[in-house]
Amino acid sequence: MDPNNVERPLRKISEAFNNIANSINSQQEQEEVELELAPFSHACSLVSPLFRCLGIAFKFAEMDYVAKVNDLCETSKSISTLQVMMEKDIADDCVRKAGSHTRNLLRVKRGLDMVRVLFHQILASQDNSLKNPASKAYGQVFSPYHGWAIRKAVAAGMYALPTKAQLLQKLNEDGKFFALNDIMLFFEVYLLDAKCKLAKLYKILKFVI
Ligand SMILES: CCCCCCCCCCCCC/C=C/[C@@H](O)[C@H](COP(=O)(O)O)NC(C)=O
């Protein structure tokens, strides 16, 4: 909450992922990077308001994302790191099972990628409509993994998206894109960095993302 008591979700997200990146970077020397589940799942929970800002058309996406993040937050009460969580799912041979922690992590990671690509597209477009940026982001991140029905629902939802100005207003951002650029930088650098480490982790655990 900033000094004027205004909720600014984007700033909270960038701060949380910045802290995670710092903890990752402080382990540079180590062979294996430990990614703590509690701060990671908390940072992911700070992204939920972004889905909410997309309105009723994406309620199903918000509910799916929030349910999966809640599962990771709950799991973080008994399991310390992402590695331990995934290794346990492998040992229990339930990684690909619907609702497994590792499968939920993969879906949440895609949600984060969707947000990263979406803001990238928003910054790259002069247009006040979010339809193209969101369609591009969805096409890049999610569409390859979704069936016909979900793709159709998302395509229909794209017509009910708020405008860029409305989204920034909902996020209490006054559109000074340099602030957004800063946030993007965090997303770009740190999320990508975390993602690389996660990718490395998945590879170690023989799971191709
Ligand atoms: C803030 C930016 C977001 C912009 C638009 C979001 C569009 C994202 C659409 C996601 C739709 C999710 C609907 C749920 C599908 C589930 O079947 C699927 C698989 O979940 P499962 O592993 O079977 O529980 N979940 C995901 C995230 O792909």
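Here, residue 1 is the first one in the sequence, and each next residue gets the next number. In listed order, ligands and their atoms are each counted from 1.
The protein heavy-atom contact nearest to atom 20 (O) of ligand 1 is Lys68 NZ, 3.3 Å. In terms of protein heavy-atom proximity, atom 19 (C) of ligand 1 is nearest to Arg107 NE, 3.6 Å.
Atom numbering of ligand 1 starts at 1 in the shown order; those under 4.0 Å from a heavy atom of His146 are 10 (C), 11 (C), 26 (C), 28 (O). Within ligand 1, counting atoms from 1 as listed, the ones closer than 4.0 Å to a heavy atom of Val115 are 1 (C). Atoms of ligand 1 lying under 4.0 Å from at least one heavy atom of Asp64, given by number and element, are 14 (C), 16 (C), 25 (N), 26 (C), 27 (C). Here is the list of ligand 1 atoms found below 4.0 Å of a heavy atom in Leu54: 1 (C), 2 (C), 3 (C), 4 (C), 5 (C). With ligand atoms numbered from 1 in the order given, ligand 1 contributes 11 (C), 13 (C) to contacts under 4.0 Å with heavy atoms of Phe60. Those atoms of ligand 1 with a heavy atom of Leu118 less than 4.0 angstrom away are 2 (C). Near Ile150, with a cut-off below 4.0 Å to any heavy atom, the atoms of ligand 1 are 15 (C), 17 (O).
Residue Arg110 places no heavy atom under 4.0 Å from ligand 1. Under a 4.0 Å heavy-atom criterion, Tyr145 is not in contact with ligand 1.
With contacts defined as side-chain heavy-atom distances shorter than 4.5 Å, the pair Phe119/Leu50 qualifies.
Heavy atoms from other residues, nucleotides or ligands lying under 6.0 Å from CG of Asp93 number 12 at most.
When the heavy-atom distances from atom 21 (P) of ligand 1 to Met114, Lys109, Arg103 are ranked, the shortest goes to Arg103.
Between the side chain of Arg52 and the backbone N or O of Glu62, no donor-acceptor pair lies under 3.5 Å. Checked by atom type and distance alone, the side chain of Tyr65 never pairs as donor or acceptor with a backbone atom of Leu112 at under 3.5 Å. Using modelled atom types, no side-chain atom of Asp113 and backbone atom of Val141 make a donor-acceptor pair closer than 3.5 Å. Judged by distance alone, with hydrogens and angles left aside, the side-chain atoms of Lys170 form no donor-acceptor pair with the main-chain N or O of Pro162 at under 3.5 Å. Although no hydrogens or angles enter the test, the distance criterion places a donor-acceptor pair under 3.5 Å between the side chain of Asn128 and the main chain of Ala165.
Paired with Pro133 under the rule side-chain contact (heavy atoms from CB on, under 4.5 Å), one option of Gln121, His120, Lys164 passes, and it is Gln121.
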